[in-house]
Each structure stands twice: as structure tokens, then as C-alpha cells.
Trainee: 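Below is the structure I would like to discuss, written out as C-alpha cells.
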2 protein chains.
Amino acid sequence: MLSKKSQYAFKALTYLAEKYKEGPVLISEISKKKKIPLKFLENILLELKKEGILDSRKGKGGGYFLKKDPSKVKVATVIRLINGPIAMLPCVSLYFYERCKDCDEKHCGLHDMMIEVRDATLNIVENRTLKDLLV
Amino acid sequence: MLSKKSQYAFKALTYLAEKYKEGPVLISEISKKKKIPLKFLENILLELKKEGILDSRKGKGGGYFLKKDPSKVKVATVIRLINGPIAMLPCVSLYFYERCKDCDEKHCGLHDMMIEVRDATLNIVENRTLKDLLV
DNA sequence: TTATTACCCTACCAAATAAGTAGACTAAAA
DNA sequence: TTTTAGTCTACTTATTTGGTAGGGTAATAA
């Protein structure tokens with residue numbers, strides 16, 4: 001399951017995608033329009049900025065805006081940044097890999113199946129961007 | 001991500017699948033062989049029994065055993081029982097559906113994409129059984 | 001140059017969930 | 001009737017999630 005934080009992130013990002021190239025958008029505006037707790041949203045946006053997805057301007061006329069074109073921001077990237085691993089097991093994760101203890105990956109049916117699940121999921125989320133989320 | 005509990009459940013179930021039709025297996029044996037905390041495993045097995053996947057016998061010579069053939073126990077079923085929803089959002093879950101608040105499912109790109117992800121995942125886990133987990 | 005605006009940053013808190021434990025109870029055999 | 005082994009209720013503890021508080025800092029414009 002995606003955390004609420006992730007859902008908030010996607011709402012905020014699609015909002016900013018709609019307003020791409022229209023200048024900075026206030027946190028408070030996003031908060032109001034998308035019904036996301038203001039201070040929580042601040043944290044999320046700041047994180048997305050540090051990761052290079054958003055940029056911001058301070059002072060009057062300031063706010064947040066997408067750093068890249070919406071079609072360049074992959075859904076998979078956002079999930080990994082805010083939510084964490086996409087795979088269902090650490091031992092099959094590409095970006096958050098951890099070795100199984102007490103279990104031989106070479107002889108584990110669950111492992112093999114979870115690789116398939118991971119790839120099926122990646123096949124979708126790696127090939128979709130913020131642009132695709134706009135209806 | 002699958003919880004540790006789910007991973008324990010799968011380890012225990014594949015162990016029992018290997019010993020299918022060989023009579024009851026002690027909780028303590030599974031605990032030892034699969035390195036699962038004994039009391040925690042008790043809870044898990046009991047849950048799986050209540051859900052109709054396992055059966056048990058008390059007293060000497062007792063233990064747990066699969067109620068059905070390993071090829072009849074779907075991976076999807078086990079995940080739902082022990083881990084919960086397979087979908088990434090409540091609003092696209094088949095068995096744990098919850099309506100999105102503040103969001104129109106008819107006009108939500110994330111929603112649509114998550115249905116695809118769900119179906120891609122289900123296509124795998126609904127068509128695999130404990131038997132497939134044995135290497 | 002100073003007031004205002006708006007993001008930046010650190011730290012904290014409460015609720016929920018995950019992970020694991022304790023101990024008494026009950027049923028089946030030997 | 002003793003031993004064995006699962007059943008059941010109820011904890012405890014650790015981690016994660018979802019948020020809040022409040023001062024700091026940078027940019028803008030009067």
C-alpha cells in the first residue's frame with residue numbers, strides 16, 4: 001500500500017504539473033485545493049525539492065514549481081522517494097536490496113515469483129510519468 | 001512490502017507443502033527448521049487454520065498440516081489473509097476497497113494506473129500456488 | 001533598509017501497526 | 001492420569017506513520 005504521504009505527494013505533483021510553466025505555486029494554495037495538511041505538505045515538498053523534482057522561490061511571488069517537464073518525472077521515481085521499495089521483498093528490490101537471512105535466494109520459489117511481480121509492476125510505473133496522471 | 005509475518009507464513013506453508021500427506025508436523029519443528037520465533041509462529045498457524053488453509057491435531061503425534069493439496073492454495077489468498085490488500089491504493093482494492101475522499105475516481109490518473117498495477121500483480125499471484133513455490 | 005512574504009529546518013508528539021512474549025487452558029494419546 | 005501439543009487471551013515493545021510547533025532564512029518591494 002502507498003502511504004498517505006505518497007498519495008499527498010502525487011496530488012501535489014499533479015497539481016503542479018497542471019500549472020507547469022505558470023510560475024511558482026504557494027504551498028498554502030496546494031494545501032487548500034488538494035486538502036492536504038499544510039505543515040505536512042511543507043515537509044513533502046521540501047523532500048521533493050531536495051531530490052531534484054521540484055524547485056522553489058522564496059518571498060513574495062514565491063512558491064513551488066516542477067523543475068522538469070511533467071513528462072520527464074517517472075512515477076517509479078516518486079514512489080521510491082516518498083514511499084520506498086516497489087518490490088514486495090527486500091531480497092528482490094533493485095534500489096533497496098537486502099539479502100535474505102536464513103534463506104537461499106537461489107532456491108526460493110517465493111523469491112522467483114516476487115521478481116516476476118516486481119517486473120510486472122515496474123513495467124508500468126517506470127513507463128508512466130506525471131503527464132500520464134493528468135486526465 | 002510483505003510483512004515479516006507474511007514471510008514467516010510462506011516459509012511455514014512451503015515447509016508443510018513439502019511434507020504434504022506425511023502427517024502432522026510440530027510447530028516446534030517448523031520453528032526450528034525455518035528459524036521462526038515459536039510463539040509468533042503459533043499465532044500465524046492458528047490464523048491459517050481458522051481461515052481454512054491448515055488443519056491440526058492435538059496431543060502426541062499431533063501438529064499442523066495442509067488441509068488442501070498445495071496446488072489448491074493460491075498465493076494471492078495467503079497474502080490477503082496475512083498481509084492484507086494486494087493493491088497499492090484502497091480505492092482500487094478488490095477485497096479491501098475503500099472510497100477515496102476528496103478525489104473523484106472517475107477522473108483520477110493515479111487511480112487508473114494503480115488498477116493496471118493491481119491487475120498485473122494479480123495475474124501472477126492469483127495463478128500461483130504453494131506448489132509453485134517449491135523448487 | 002526594513003517590513004513582509006514564503007519557504008527552510010529541527011525537533012517533537014501521538015496514534016497505529018508490526019513483531020514478539022507470557023501463561024493459563026483444553027483436547028488427545030499413551 | 002500424565003504427557004504432549006495445539007488454543008486462546010492478553011499483554012509488551014519497537015517501529016512507522018501522520019502530523020504539529022516554532023523559530024530561521026532568503027527574496028522582494030515599498
Side-chain angles (χ1 to χ4, degrees), chain A residues 1-12 16 23-32 34-67 79 81-85 88-90 96 98 101-102, chain B residues 1-12 16 23-32 34-67 79 81-85 88-90 96 98 101-102:
Chain A
M1 279 277 172
L2 291 182
S3 63
K4 263 187 142 185
K5 189 177 173 188
S6 304
Q7 297 180 52
Y8 289 155
F10 277 112
K11 284 191 183 188
L16 290 173
V25 181
L26 293 179
I27 302 181
S28 57
E29 179 185 334
I30 306 173
S31 166
K32 234 179 233 170
K34 292 300 185 175
K35 298 183 182 164
I36 303 170
L38 181 70
K39 294 295 279 180
F40 197 21
L41 180 59
E42 272 189 22
N43 294 335
I44 296 169
L45 296 181
L46 197 52
E47 215 172 320
L48 289 169
K49 177 185 175 176
K50 284 181 183 158
E51 301 292 349
I53 291 180
L54 296 179
D55 209 345
S56 66
R57 213 150 60 214
K58 287 183 176 179
K60 181 145 196 177
Y64 275 96
F65 49 93
L66 277 174
K67 201 168 182 180
I79 294 180
L81 286 173
I82 304 295
N83 208 70
M88 290 184 108
L89 292 176
F96 299 83
E98 277 175 58
K101 28 189 169 302
D102 316 324
Chain B
M1 280 278 172
L2 292 183
S3 62
K4 266 187 139 186
K5 189 178 172 186
S6 304
Q7 297 180 52
Y8 290 155
F10 277 113
K11 285 192 184 187
L16 290 174
V25 181
L26 293 179
I27 302 181
S28 57
E29 178 185 335
I30 305 173
S31 166
K32 233 179 234 173
K34 291 300 183 174
K35 295 183 184 165
I36 304 169
L38 180 71
K39 294 296 280 179
F40 197 20
L41 180 58
E42 273 188 20
N43 295 334
I44 297 170
L45 296 181
L46 196 53
E47 215 172 321
L48 290 169
K49 177 185 175 176
K50 283 180 183 158
E51 300 291 349
I53 290 179
L54 295 179
D55 209 343
S56 65
R57 215 155 54 216
K58 287 183 175 178
K60 177 140 199 181
Y64 274 97
F65 49 94
L66 277 175
K67 202 169 179 178
I79 295 180
L81 286 173
I82 304 295
N83 208 71
M88 289 184 110
L89 292 175
F96 298 84
E98 276 175 57
K101 28 187 170 306
D102 316 324

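So that the names make sense, note that chain A is the first sequence line, chain B the second, and so on, each numbered from 1.
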Trainee: Mind calculating the distance between NZ (Lys49(B)) and C1' (dA27(C)) to the nearest angstrom?
Mentor: 10 Å
Trainee: Take the protein atom CG of Leu46(A) and the nucleotide atom C1' of dT25(D), then report the distance between them rounded to whole Å.
Mentor: 13 Å
Trainee: Write down the distance between CG (Leu45(A)) and C1' (dA6(C)), rounded to a whole number of angstrom.
Mentor: 13 Å
Trainee: Which protein N or O atoms sit under 3.5 Å from an N or O of nucleotides 26-30 of chain D?
Mentor:
residue : atom : partner  : partner atom : Å
dA26(D) : O4'  : Lys58(A) : NZ           : 2.8

Trainee: Once you round to the nearest 0.5 Å, how far does CD1 of Ile82(A) lie from CD of Gln7(A)?
Mentor: 12.5 Å
Trainee: Can you name the closest pair of heavy atoms from Ile79(A) and Phe10(A) and give their distance?
Mentor: CG1-CZ, 3.8 Å
Trainee: Show me the pairs that pass salt bridge (charged side-chain N to carboxylate O under 4.0 Å, His left out) and involve residues 49-65 of chain B, at least two apart or across chains.
Mentor: none
Trainee: Measure the distance from CZ on Phe96(A) to C1' on dT16(D) and round it to the nearest whole Å.
Mentor: 15 Å
Trainee: Can a side chain N or O of Ser28(B) be found less than 4.0 Å away from OP1 or OP2 on dA5(D)?
Mentor: no
Trainee: Ile44(A) CD1 to dT20(D) P: how many Å, rounded?
Mentor: 11 Å
Trainee: Grab the CG-P distance between Asp55(A) and dA6(C) for me, whole Å please.
Mentor: 17 Å
Trainee: Quick one: side chain to side chain donor-acceptor pair (under 3.5 Å) partners of Ser3(A), sequence neighbours excluded?
Mentor: Ser6(A), Asn83(A)
Trainee: Closest approach of Lys67(B) and Gly52(B), non-hydrogen atoms and distance?
Mentor: CD-O, 3.5 Å
Trainee: List in chain and number order the residues that pass ring pair (Phe, Tyr, Trp, His ring centres under 6.0 Å) with Tyr8(B), two or more places apart in sequence or in another chain; answer none if no residue qualifies.
Mentor: Phe40(B)
Trainee: Please write out each protein N/O paired with an N/O of nucleotides 18-25 of chain C under 3.5 Å, distance rounded to 0.1 Å.
Mentor:
residue : atom : partner  : partner atom : Å
dA19(C) : OP1  : Lys4(B)  : N            : 3.2
dA19(C) : OP2  : Lys4(B)  : N            : 3.3
dG20(C) : OP2  : Tyr8(B)  : OH           : 3.2
dT21(C) : O4   : Asn43(B) : ND2          : 3.1
dG23(C) : O6   : Lys39(B) : NZ           : 2.4

Trainee: Mind checking salt bridge (charged side-chain N to carboxylate O under 4.0 Å, His left out) for Lys39(B) and listing every partner two or more places apart, or none if nothing turns up?
Mentor: Glu42(B)
Trainee: List the residues meeting side chain to side chain contact (heavy atoms under 4.5 Å, CB included) with Ser31(A), not counting sequence neighbours, and say none if there are none.
Mentor: Leu38(A), Leu41(A)
Trainee: Could you state the CD-P distance from Glu47(A) to dT17(D), rounded to the nearest angstrom?
Mentor: 12 Å
Trainee: Restricting to salt bridge (charged side-chain N to carboxylate O under 4.0 Å, His left out), what partner residues turn up for Lys5(A), sequence neighbours left out?
Mentor: Glu47(A)
